[in-house]
Amino acid sequence: MSKPVNLDILNSGQVRNDWSITEIEAIYNQPFNDLLFAAQSIHRQHFNPNEVQTSTLLSIKTGACPEDCAYCPQSGHYNTGLSKEQLMAIDEVISKAQQAKKNGATRFCMGAAWRSPREKDLSVVLEMVKQVKSMGLETCVTLGMLTDEQASQLADAGLDYYNHNLDTSPEYYQQIITTRTYENRLDTLQNVRDAGINVCSGGIIGMGEQTQDRYGLIQQLANMPEHPQSVPINMLVAVEGTPLGEVEKLDSIDFVRMIATARIVMPKSYVRLSAGREDMNKETQTLCFTAGANSIFYGEKLLTTANPEAEADMQLFKQLGIKPEGSEVSAEELTVPVPEKKEMFYDATQA
Ligand code: SAM
Ligand code: DTB
Ligand code: SF4
C-alpha cells in the first residue's frame, strides 16, 4: 500500500526529483482554489508574478517529416495539404528575427521538421543561431534527435535552449509515435543537458490520453536529473488529416490543472502556455497565468498553425498589468500595429 499523501507538504514548493504518481495525482485533483493558491504562492517564491517571457516561433524547414507523430501536421505520413519546403535562407530567418525583436519578443525559436539534422543542414542552423544571438535575442532550436557531438556544436554556436518534448506518458507514447522511442527522446535530452544547453521539454494534452498519462508526463519531466529550464504545455491543435484530427476537445479546467501541477512540482522552471491559445478565451489564459504559466509563444503563427495576434496579447497583458519579461518597454508602451491584411501564411487547421 502506498503512503498517505500530505497535501500541505506536496504544495510547499520543495524542489524534488522523486515525485510519485500518487503525489502528482493528489496535487492535480485537489480542490481548484487550493490548487491555484498553491501554484501562485510557489510561483511568487521564484518569479515576478507580473512578468511573462515571450518567445517567437519560426518554422525554418516545413513539412514532409519522416516521423509519424499522430498530432503533427508536418508528418509526411498524413495528408494535411501542407507542401514540403526547403530549409529557409539565412537572410530570411534574420529578417523574421528582426521583426520578432521589434514586436517585443526576447527569444527566437527555430523549428525544423526533421528526424534529426544532417551535417550540412546543421552547419546552416549553427550560422542562424550565431546571427540571431548577435542581435541580442535568446536562441532556441528544435531539430529532432541530436547526438552528443551535434549538441556540443550547438552549444559552441551559443545556443541558449533546445526544445525536445516528451509529448505524453511512456505508456501512451506508443499510441502517438512509432518511429522513435521514448528512450531516444530521453537520450537527446541527456545530450543537450550534458552540452550545457538549457532544456526546453514538455508535452501535449488533449490527445485522447487518460489523466493518468498526464501525471506520467509530469513525473517524467520532474524526475529528470535537473528540471527542464522551460516546460511547454501544449493543448492539441487538432489538424484535419492527422490521426488526431477529430479528437474530442479538451476541457479548459483540465488544462489549467495541468499548468498548475507543472508549476508546483517544477517550482523554478518557466512553464509555457504553448500551442492551443488560439482556441482559448482570455479568461482561460488568465487562469493559466494565475496557475503559474510565465511564458508564451508570441506572434501570429506557431509553426504551421495560427496563434493569437501580437496586438491581442499585448491588450491582454495591459488589462492584467503584465509586463513582457526582459522587454525594454512595458505592455502599455508597446503597440504592435495590427496589419491591415493579416500576412498570408499556410494555416494547417484551415486546409
Ligand atoms: N521535429 C522536431 C521534433 O519533433 O522534435 C521539432 C518540431 S515539433 C513540431 C515540436 C513539438 O511541437 C512537438 O514535439 C509537439 O509537442 C508540438 N506539436 C506539434 N504539433 C502539434 C499540435 N498539432 N498541437 C500541439 N502541439 C504540437
Ligand atoms: C512546443 O512545445 N510547441 C511549439 C514548439 N514547442 C516548437 C510547436 C507547436 C506546434 C503547433 C502546431 C503547428 O503550428 O504546426
Ligand atoms: Fe516531425 Fe517533429 Fe512533427 Fe514529429 S513533431 S512529425 S518529428 S516535425
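Note that ligands are numbered from 1 as they come in the structure, with each ligand's atoms numbered from 1 the same way. Computed from a predicted model, the values in this text were never measured in an experiment.
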Suppose I only count heavy atoms of Met235 and a 4.0 Å limit; which atoms of ligand 1 are within that range?
25 (C)
Could an N or O of ligand 2 be found under 3.5 Å from any N or O of Asn234, whether backbone or side chain?
yes
For atom 2 (Fe) of ligand 3, is the nearest protein heavy atom closer than 4.0 Å?
no
Are any of the N/O atoms in Ala112 less than 3.5 Å from those in ligand 1?
yes
Please list all pairs passing the ring pair (Phe, Tyr, Trp, His ring centres under 6.0 Å) test where one or both residues lie in residues 98-127, with sequence neighbours left out.
none
Closest to atom 21 (C) of ligand 1 among protein heavy atoms sits Tyr71 CD1, 3.7 Å
For the CD atom on Glu248, are there more than 12 heavy atoms of other groups (residues, nucleotides or ligands in this structure) within a distance under 6.0 Å?
no
Which option, Ile204, Ile233, Asn234, owns the non-hydrogen atom nearest atom 27 (C) of ligand 1?
Ile204
Measure from the side-chain N and O atoms of Ser116 to the backbone N and O of Gly144, and report whether any donor-acceptor pair falls under 3.5 Å.
no
For Val237, state whether at least one heavy atom is located under 4.0 Å from any atom of ligand 2.
no
Basic-acidic side-chain contact under 4.0 Å: Arg193, Glu226
no
Between Asp167 and ligand 1, which residue portion shows a heavy-atom distance shorter than 4.0 Å: side chain, backbone, both, or neither?
side chain
Give a yes or no on whether a salt bridge exists between Arg16 and Glu23, defined as a side-chain N under 4.0 angstrom from a carboxylate O.
yes
Among residues two or more places apart or on two chains, list those pairs meeting salt bridge (charged side-chain N to carboxylate O under 4.0 Å, His left out) that have a residue in residues 137-150.
Arg107-Glu138
Within ligand 2, which atoms have a heavy atom of Thr304 less than 4.0 Å away?
13 (C), 14 (O), 15 (O)
How far is atom 9 (C) of ligand 1 from its nearest protein heavy atom, and which residue and atom is that?
Leu303 CD1, 3.4 Å
Below 4.0 Å, non-hydrogen atoms only: which portion of Arg180 touches ligand 1? Side chain, backbone, both or neither.
side chain
Between Leu57 and ligand 2, is there a nitrogen or oxygen pair with a distance under 3.5 Å?
no
Would you please test Ile233 and Leu273 for side-chain contact (heavy atoms from CB on, under 4.5 Å) and show each step?
CA-CA 6 Å; Ile233 306 290; Leu273 162 56; over 6 Å; no
Could you tell me which atoms of ligand 1, counted from 1 in the order shown, lie closer than 4.0 angstrom to a heavy atom of Trp114?
1 (N)
Between Leu143 and Tyr162, is there a side-chain heavy-atom distance shorter than 4.5 Å?
yes
Count the heavy atoms of every other residue, nucleotide or ligand shown that sit under 6.0 Å from CD of Gln174, and state whether that count exceeds 12.
yes
Indicate the atoms forming the closest heavy-atom contact of Gln40 with Pro49, along with that distance.
OE1-CB, 3.7 Å
Considering the heavy atoms of Pro232, write down every atom of ligand 2 situated less than 4.0 Å from one of them.
2 (O)
The answer for which part of Pro73 has a heavy atom under 4.0 Å from ligand 2 is side chain
Contact summary for Pro73 and Thr304, nearest pair of heavy atoms
CG-OG1, 3.4 Å
Contact check, Tyr71 vs ligand 2, heavy-atom distance below 4.0 Å:
no
Verdict with reasoning, Gln74 to Ser59, per side-chain contact (heavy atoms from CB on, under 4.5 Å):
CA-CA 10 Å; Gln74 301 202 66; Ser59 180; 4.1 Å; yes
Is there a polar contact, in the sense of an N or O pair closer than 3.5 Å, between Gln74 and ligand 2?
no
Any N or O of Asn165 closer than 3.5 Å to N or O of ligand 1
yes
Show your reasoning for whether side-chain contact (heavy atoms from CB on, under 4.5 Å) applies to Leu320 and Val52.
CA-CA 11 Å; Leu320 302 178; Val52 168; over 6 Å; no
Examine Asn163 against ligand 2 and note whether any of their N/O atoms are separated by less than 3.5 Å.
yes
Option nearest atom 5 (O) of ligand 1 (shortest heavy-atom distance, choices Arg185, Met207, His164):
His164
Residue, atom name and distance, where the atom is the protein heavy atom closest to atom 6 (C) of ligand 1:
Thr142 OG1, 2.9 Å
Close N or O approach (Val237, ligand 1; < 3.5 Å):
yes
Contact check, Gly144 vs ligand 1, heavy-atom distance below 4.0 Å
yes
Within this structure, what is the CD1-CD1 distance for the pair Ile218 and Ile27, rounded to the nearest 0.5 Å?
9.5 Å
Atoms of ligand 2 less than 4.0 Å from Thr305 heavy atoms?
12 (C), 13 (C), 14 (O)
Considering only the protein, which heavy-atom contact is closest to atom 10 (C) of ligand 1, and what is its distance?
Asn163 OD1, 4.1 Å
Any salt bridge linking Glu85 with Lys61? Criterion: basic side-chain nitrogen under 4.0 Å from a carboxylate oxygen.
no
Is the positively charged end of Arg214 above the ring of Tyr28, judged by distance under 6.0 angstrom from the centroid and angle within 45° of the axis?
no
Any idea which atoms of ligand 2 are less than 4.0 Å away from a heavy-atom of Asn165?
1 (C), 2 (O)
Roughly how far, to the nearest 0.5 Å, is CE of Met88 from CG of Leu58?
4.5 Å
Output a table of donor-acceptor pairs, distance under 3.5 Å, between side-chain atoms of residues 198-208 and any protein atom two or more places apart or on a different chain; print 'none' if there are none.
unit_1, atom_1, unit_2, atom_2, d
Asn198, ND2, Asp160, O, 3.1
Ser201, OG, His164, O, 2.7

Which residues and atoms, counting only protein N, O or S, are under 2.8 Å from atom 1 (Fe) of ligand 3?
Cys65 SG
Quick one: does Arg263's side chain have a donor or acceptor within less than 3.5 Å of a partner on Met266's backbone?
yes
Intermediate values then yes/no, salt bridge (charged side-chain N to carboxylate O under 4.0 Å, His left out), Asp254 and Arg257
CA-CA 5 Å; Asp254 290 339; Arg257 283 191 179 275; 5.1 Å; no
For ligand 3, is any non-hydrogen atom under 4.0 Å from Arg180's backbone (N, CA, C, O), its side chain (CB onward), both, or neither?
side chain
State if Gly202 counts as touching ligand 2 under the rule of any non-hydrogen atom under 4.0 Å.
no
